[in-house]
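Notes follow once the structure below has been shown.
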Amino acid sequence: MNRFSLQLDEIKAAFAAEPNPSLDIRLERIARIEKMIQANEDKICRAVSADFGVRHPIETRLAEFQMIYQACQFTRQHLKEWMRPEQVDTPITLGSSEAWIQNQALGVVGIMSPWNYPVQLALVPAIAAFAAGNRVWLKPSERCLRTSGFLSNLIQEYFHPTEFCVTTGGAEVAEQFAALPFDHLFFTGNESIGKKVMRSAAEHLTPITLELGGKSPAIIDSTANLKDAAASIVYGKLLNSGQTCIAPDYLLIEPSKQDVFIQELKAAAQEQFSNPDELTGPIDDVQLQHWQHLVADALDRGAKAISLLRTPATGARKFEPVALIDIPAEARVLHEEIFGPILPIVTIANTQAAIDLINKKPHPLALYWFGKDQKNMQKVLSETRSGGVTINETLLHITVESLPFGGTGASGMGAYHGKVGFDLFSHRKSVLQVRGFLGLNLWKGSKLARPPYGKTVERLLRFLK
């Protein structure tokens, strides 16, 4: 027996004693998350920075805390409406019967959160799960030990363990956690681990959400403002040093635009990150070596590297952000998820060529398009598949709570944020209350269609055609 089974039984028993928490209880739990972060912002920033070696506190506040506060605020504004039964139409044969969808909590939601945004990606799914009336059990990543440990202590301080439980540990703990019979399992991470988690969940037929990543393209249309596009791509690529699941992974541009764009890219990078203390470090030596190997492999095959910053990186784990050009098709950097400050630039003939190249790869989590030509924009939107799209910017679609966030195909399954997150962690129960025509019991429900079959049923079938 999994050593955590008894613990899960306790949480499930607590849920069974309160299977439909009131609006006030749900909002109070969400408010506790908000208060927990507000009271500990500085301490969390220090823990996160210690894990990454370098990460500016403003970056943590923007990318972690603000997303949490936004989720809390949006949920607070709309939760009462989300919880209401949803009336639906009934066929004429059911007379004055009523039908509705009633949202019901699933039970205990397991969340496996990653290291790249260790606070946001642990707590935003938890907010959605609490909104839907569930209990939560979190397993944070072991690659950000300080942040995971500190967050675990905070949650234990603000929540009873049968409300919001946290378990830390390495790969062995993660394997045991994924094998538990949760009512829903939510995983954010890479594709290879996601496959293992999915196999474990299948043993209990546990419903699962996978938030993965992949190679998200940025397309520079011939009508794009190159200066604005370069500034947006630099921000999207170098925020958290590219350790972002929706960071632009590679760039597609027409050959005639490449040289000018590279100059704009270098100027934007220097303007935004002239202070090396504002460039986040790799999470660990494994990540640093991954970046080094990708660049070395590309260079060995004949690619050229262009340094994006004149100011040296700081911290114990140093890496200079680079763009790569003239990259051979077989280079690893064009096939593996980069998750770092490396920007491959690939030249394409036109919009159709960009679409064809993207469609040969697994569906990305995000796609970015820059330009003014509405026809080309609509062509890209209609002929490619991706989890989400931002036009003439990067990353920002994730900040809109009313938009679902999630992948498709290799970039994940299922989505959350806002109402979609509430629905994800709810069972949408179908309810029909049967009444007859004009209150007459003779014509109520299935009476007219029951055997023995005769002319009455035949007339009913003719009426329904």
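For Q289, there are no side chain to side chain donor-acceptor pair (under 3.5 Å) partners two or more places apart in sequence or in a different chain. Residues that satisfy the ring pair (Phe, Tyr, Trp, His ring centres under 6.0 Å) test with Y416, not counting sequence neighbours, are F186.
Using a 4.5 Å heavy-atom cutoff, the side chains of V322 and P341 are not in contact. Between E458 and R462, the closest side-chain pair of non-hydrogen atoms falls below 4.5 Å. The closest side-chain heavy-atom distance from T209 to H184 is below 4.5 Å. F319 is listed as a side-chain neighbour of I342, based on a closest heavy-atom distance under 4.5 Å. Between L251 and V346, every side-chain heavy-atom pair lies at or beyond the 4.5 Å cut-off. Residues L357 and L252 have side chains in contact (heavy-atom distance under 4.5 Å, counting atoms from C-beta outward). Using a 4.5 Å heavy-atom threshold, the side chains of V295 and D297 count as separate. The side-chain heavy atoms of I101 and K429, taken from C-beta on, include no pair separated by under 4.5 Å.
Judged by distance alone, the side chains of H363 and S386 never bring a donor and an acceptor atom under 3.5 Å apart. Of the N and O atoms on the side chains of T280 and Q243, not one donor lies less than 3.5 Å from an acceptor on the other residue. No donor-acceptor contact under 3.5 angstrom links the side chains of R435 and S97, judged on distance only. For the 3.5 Å distance criterion, the side chains of W100 and Q102 qualify, holding a donor opposite an acceptor.
A donor-acceptor pair under 3.5 Å is absent between the side-chain atoms of T162 and the main chain of A14, judged by distance alone. Panel note: side chain K35, backbone Y158; no donor-acceptor pair is recorded below 3.5 Å. S216 places a side-chain N or O within donor-acceptor distance of the main-chain N or O of A366, the cut-off being under 3.5 Å. A donor-acceptor contact shorter than 3.5 Å links the side chain of K215 to the backbone of E336. Remark: the backbone N or O of G371 is paired with a side-chain donor or acceptor of N392 at under 3.5 angstrom. Using a distance-only test at 3.5 Å, with no hydrogens or angles considered, no donor-acceptor pair links the side chain of N40 to the main chain of K43. A side-chain donor-acceptor contact under 3.5 Å links T399 to the backbone of L396. The closest donor-acceptor contact from the side chain of E34 to the backbone of C72 lies at 3.5 Å or more, if one exists at all. A side-chain donor-acceptor contact under 3.5 Å links T75 to the backbone of A71. Remark: side-chain polar atoms of S411 are paired, donor with acceptor, to backbone N or O of T408 under 3.5 angstrom.
Separating the NZ atom in K237 from the CD1 atom in I338 is a distance of 4.0 Å, to the nearest 0.5 Å. One distance of note links CD1 of I391 with OG of S232; it measures 13.0 Å at 0.5 Å rounding. Note that CG of N190 is 10.5 Å distant from CG of N116, once rounded to the nearest 0.5 Å. Rounding to the nearest 0.5 angstrom, the gap separating the CD1 atom in I111 from the CG atom in N134 is 9.5 Å. To the nearest 0.5 Å, the span separating CZ on F177 from CG on L8 amounts to 9.0 Å. Taking CD of E64 as the start and OH of Y117 as the end, the distance is 7.5 Å to the nearest 0.5 Å.
Closest heavy-atom contact between L395 and G236: CD1-CA, 3.7 Å. Closest approach of H204 to L180, counting heavy atoms only: CD2-C, 4.1 Å. Contact detail for L279 and V54: the closest heavy-atom pair is O-CG1, 3.5 Å. The shortest non-hydrogen separation linking A201 to L185 is CB-CD2, 4.3 Å. In this structure, A269 and V234 approach most closely via the heavy-atom pair CA-CG1, 3.6 Å. Considering all non-hydrogen atoms of both residues, E393 and F370 come closest at N-CE2, 3.5 Å.
Of the listed residues (F425, F405, F422), just one forms a ring-ring contact (aromatic ring centres under 6.0 Å, His included) with H417, and that residue is F405. T60 pairs in a side chain to side chain donor-acceptor pair (under 3.5 Å) with only one of the listed residues (Q120, Q66, R55), which is R55.
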> For V380 and I355, what are the C-alpha separation, side-chain angles and deciding distance, and is it a side-chain contact (heavy atoms from CB on, under 4.5 Å)?
Replying inline: CA-CA 7 Å; V380 169; I355 291 170; 4.2 Å; yes
>> Applying side-chain contact (heavy atoms from CB on, under 4.5 Å) to E86 and N103, what does each step give before you reach the verdict?
In response: CA-CA 9 Å; E86 180 184 334; N103 291 299; 5.8 Å; no
>> Checking H290 against F339 for the ring-ring contact (aromatic ring centres under 6.0 Å, His included) test, could you report, in this order, the C-alpha distance in whole Å, the side-chain angles of both residues, the deciding distance, and whether it holds?
In response: CA-CA 9 Å; H290 172 63; F339 226 62; 8.7 Å; no
>> For a side-chain contact (heavy atoms from CB on, under 4.5 Å) check, start with the C-alpha distance between R143 and V286, then their side-chain angles and the critical distance, and finish with the verdict.
In response: CA-CA 10 Å; R143 289 183 73 179; V286 172; 4.1 Å; yes
> Run the side-chain contact (heavy atoms from CB on, under 4.5 Å) check on V136 and E163 step by step: do they pass?
Replying inline: CA-CA 6 Å; V136 175; E163 277 183 308; over 6 Å; no
> Yes or no on ring-ring contact (aromatic ring centres under 6.0 Å, His included) for F130 and F164, after CA distance, side-chain angles and deciding distance?
Replying inline: CA-CA 9 Å; F130 280 138; F164 194 170; 5.5 Å; yes
Which donor-acceptor pairs under 3.5 Å do the side chains of residues 15-25 make with protein atoms, sequence neighbours left out?
from : atom 1 : to   : atom 2 : distance (Å)
E18  : OE1    : R29  : NH2    : 3.0
E18  : OE1    : R135 : NH2    : 3.0
N20  : OD1    : R26  : NH2    : 3.1
S22  : OG     : I25  : N      : 3.2

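The aromatic rings of W115 and F52 lie tilted to each other, with the angle between the two planes from 30° to 60°. Using the six-membered ring where Trp is involved, H397 and Y368 have ring planes that are tilted, between 30° and 60° apart. Taking the six-membered ring where tryptophan is involved, the planes of F74 and W82 are tilted, since the angle between them lies from 30° to 60°.
Residue-environment remark: CD (E28) exceeds the threshold of 12 foreign heavy atoms within 6.0 Å. Other residues, nucleotides and ligands contribute at most 12 non-hydrogen atoms within 6.0 Å of the CD atom of E172. Within a 6.0 Å radius of CE in M83, more than 12 heavy atoms belonging to other residues, nucleotides or ligands are found. Residue K361 qualifies as enclosed at atom NZ: its count of foreign heavy atoms under 6.0 Å is above 12.
Using a 4.0 Å cut-off between a side-chain N of Lys or Arg and a carboxylate O of Asp or Glu, D42 and R61 qualify as a salt bridge. Using a cutoff of 4.0 Å between basic side-chain nitrogens and carboxylate oxygens, K419 and E81 are not scored as salt-bridged. Salt-bridge annotation for K196 and E175: absent, with no side-chain N of the basic residue lying under 4.0 Å from a carboxylate O of the acidic one. Residues R146 and D51 are paired through a salt bridge, judged by an N-O separation under 4.0 Å between the basic side chain and the carboxylate.
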